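Throughout, protein chains are lettered first and strands after them, A, B, ... in sequence-line order, and every chain is numbered starting at 1. The shown structure was predicted, so the numbers you read here are calculated from the model rather than taken from an experiment.
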Number of protein chains: 2
Amino acid sequence: MREQSDPLSAAFAALADPTRRAMLAKLCEGEATVNEIAAPFDLSLPAISKHLKVLEGAGLVSRGRNAQYRPCRLEAGPLKEVADWVERYRRFWEGSLDRLDDYLKGIQQKETPK
Amino acid sequence: MREQSDPLSAAFAALADPTRRAMLAKLCEGEATVNEIAAPFDLSLPAISKHLKVLEGAGLVSRGRNAQYRPCRLEAGPLKEVADWVERYRRFWEGSLDRLDDYLKGIQQKETPK
DNA sequence: TGGTTAATTAACTAGTTGGTTAAATACTGA
DNA sequence: TCAGTATTTAACCAACTAGTTAATTAACCA
C-alpha cells in the first residue's frame, strides 16, 4: 500500500497538470461554477469534476453551495508553502546569474578600461 | 498515447515526491554519487536510479562521468520557473484582495441574477 | 586476467491517474 | 409534481508510477 502523501507533495502533484493550473488561473478572477470552469476545456464534465477534486484535496480550492451550483474558489495557502519551499533554492538559480554578471562585468572592464 | 508533458508540468511532477525533494536537498551540498544519494533511503538502488531519471528528465539534475561514478549535480533552472509561476499568486496568500474580489463578485451576482 | 564496486536495464507487480459514458443526485422553477 | 440544469458517482479502461529482484554494463585494481 502506498504512503499517503504529505500536503506539499499533494500540492506539487495537483500543480503538475496544465489543465489544473489553468483552472487555478481562471479562479484568480473570483468564484466560478463547475460549468464556468469547464467551458474552455475539451473535456467531459466528470473529468473536470475529478480535477477539481484533486485541487480540493490539495487544499488549493474550496467549494460552497449555492442552489444547484457548487461555486469554487481559489485557496492560496498551499501555494505559499510551495513558494516557501522553492525559495530555499533561490541562490542556486541566482548564483549562476551572479557568475554571469561577474563575467560580463569582467569583460566590460577589459573592454572599457578606465 | 499520453501527451508529453511541458517543462513546468515535468518540474511539478518531479517535485511531487518527498524522496526526490530530499535528493535535491542533499544535492544542495554539492555533487554526489548515486550511492551517496541513496544512503539515507530505505530503497533499492534501482528505485533511486529511477528517481534520478525523473529529476534528470525535468532538468533538475545533470550528471557527469567520473570513472565508474555518475556524479549528480543540482540544476536549479526549472526551480526558477516554478518560483516565477507561483509568484503570480502571491497576492492571494498575502492580501485580502481575493476576498474583496469575491465579495464584489457575489454582490454583482445577487444584483444581476440570470 | 578476474574480482569488486557503481550503476543501469529488464521484467514484473500493484496501485494511481486521467479519461470516457451512463446513471444518479440535488436543486430550481413552472 | 415534473422537466430542466448542475454536478457527482459508478464502472470501466489504458497509460503511468513506484517499487521489487535478477541480470547486465562499465570501470577500477591487483
Side-chain angles (χ1 to χ4, degrees), chain A residues 1-24 26-27 31-58 60-73, chain B residues 1-6 8-24 26-27 31-58 60-73 109-110 112-114:
Chain A
M1 233 171 268
R2 203 88 66 183
E3 184 188 348
Q4 79 168 14
S5 73
D6 59 291
L8 191 53
S9 295
F12 276 124
L15 297 174
D17 184 296
T19 300
R20 289 194 289 261
R21 291 200 303 278
M23 289 168 139
L24 290 184
K26 162 77 179 176
L27 289 176
E31 281 193 4
T33 68
V34 177
N35 269 296
E36 286 166 352
I37 291 167
F41 302 105
D42 187 21
L43 281 179
S44 68
L45 227 30
I48 299 294
S49 200
K50 283 186 182 181
H51 279 305
L52 281 171
K53 199 174 272 188
V54 173
L55 289 169
E56 207 179 353
L60 287 159
V61 156
S62 67
R63 334 192 53 173
R65 187 115 205 197
N66 178 9
Q68 68 268 60
Y69 306 87
R70 312 283 165 83
C72 302
R73 60 184 298 160
Chain B
M1 230 173 260
R2 204 87 69 182
E3 185 187 350
Q4 79 168 12
S5 72
D6 59 290
L8 191 52
S9 295
F12 276 124
L15 297 174
D17 184 297
T19 300
R20 288 194 290 261
R21 292 199 302 279
M23 289 168 139
L24 290 183
K26 161 77 178 174
L27 289 175
E31 282 193 2
T33 68
V34 177
N35 270 295
E36 285 166 353
I37 291 167
F41 302 105
D42 187 21
L43 281 177
S44 66
L45 224 32
I48 299 295
S49 201
K50 283 185 183 180
H51 279 306
L52 282 170
K53 200 174 271 189
V54 173
L55 290 169
E56 207 179 354
L60 287 159
V61 156
S62 66
R63 332 192 54 174
R65 187 114 205 197
N66 179 8
Q68 67 267 59
Y69 305 88
R70 312 293 299 277
C72 302
R73 178 181 319 113
Q109 274 186 335
K110 272 180 200 154
T112 60
K114 195 215 147 138

In whole Å, what is the span from the CD atom of A:Glu36 to the P atom of D:dT5? 16 Å

Within the pair B:His51 and D:dG19, is there a side-chain N or O less than 4.0 Å away from OP1 or OP2? yes

When you measure from the side chain of B:Arg65, which nucleotide among D:dA26, C:dA7, D:dT20 comes out closest? D:dA26

Nucleotide nearest B:Gln68 when distance is taken to its side chain, options C:dT5, D:dA10, D:dT7: C:dT5

Measure from the side-chain heavy atoms of A:Pro46 and tell me the nearest of C:dT8, D:dT9, D:dT7. D:dT9

Under 4.0 Å, counting only non-hydrogen atoms across every strand here, what does B:Ala47 touch: a base, just sugar-phosphate, or nothing? base

Residue met sooner reading DNA chain C from 5', once A:Ala67 and A:Thr19 are mapped to nucleotides: A:Thr19

A:Asp17 CG to D:dC16 P, in whole Å, measures 14 Å

When rounded to the nearest 0.5 Å, the distance separating CG of B:Leu52 from CG of B:Leu27 is 7.5 Å

To the side chain of B:Arg20, which of C:dT8, D:dT21, D:dA18 is closest? D:dA18

Of the candidates C:dT8, D:dT7, C:dA11, the side chain of B:Lys50 sits closest to C:dA11

Could you give the CG-to-C1' distance, from B:Leu55 to C:dT8, as a whole number of Å? 16 Å

Among the nucleotides D:dT7, D:dA22, C:dA7, which one has an atom lying closest to any side-chain atom of A:Arg70? D:dT7

Rounded distance in Å - CG (B:Leu45) to P (D:dA18): 17 Å

Test side chain to side chain contact (heavy atoms under 4.5 Å, CB included) applied to B:Leu15 and B:Leu60, step by step: CA-CA 9 Å; B:Leu15 297 174; B:Leu60 287 159; 4.0 Å; yes

Hey, what do you get for CG (A:Leu45) to CD1 (A:Ile37), rounding to the nearest 0.5 Å? 10.5 Å

Within the side chain of A:Arg20, is there an N or O that forms a donor-acceptor pair under 3.5 Å with the backbone of A:Ala13? yes

Spatial distance of atom NZ (B:Lys26) from atom CZ (B:Phe41) [nearest 0.5 Å]: 9.5 Å

Remember a base hit wins even if backbone is also touched, and classify A:Ile48 as base, sugar-phosphate or nothing at under 4.0 Å, heavy atoms. nothing

So, is A:Ser44 close to the C:dG19 phosphate, meaning a side-chain N or O under 4.0 Å from OP1 or OP2? no

C:dA6 C1' sits how many Å from B:Ile37 CD1, rounded? 13 Å

Looking only at the side chain of A:Tyr69 (C-beta and beyond, no hydrogens), which of the listed nucleotides C:dT21, C:dT28, D:dA6 gets closest? D:dA6

From CD of A:Glu56 across to P of D:dT7 the rounded distance in Å is 13 Å

Between A:Asp6 and A:Ser9, is there a donor-acceptor pair closer than 3.5 Å when you use the side chain of the first and the backbone of the second? yes

When the distance from CZ of A:Arg63 to C1' of D:dT7 is rounded to whole Å, what number comes out? 8 Å

Counting side-chain heavy atoms from C-beta on, which of D:dT7, D:dC12, D:dT20 comes nearest to A:Asn35? D:dT7

Heavy atoms from C-beta onward define the side chain here; which of C:dT20, D:dG19, C:dA7 lies closest to that of B:Leu43? D:dG19

Protein-nucleotide distance (B:Lys53, atom NZ; C:dA7, atom C1'), rounded to Å: 11 Å

Find the partner of D:dA15: check Watson-Crick (N1-N3 plus N6-O4 or O6-N4) and G-U wobble (N1-O2, O6-N3) distances, both under 3.5 Å, and reply none if neither fits. C:dT16

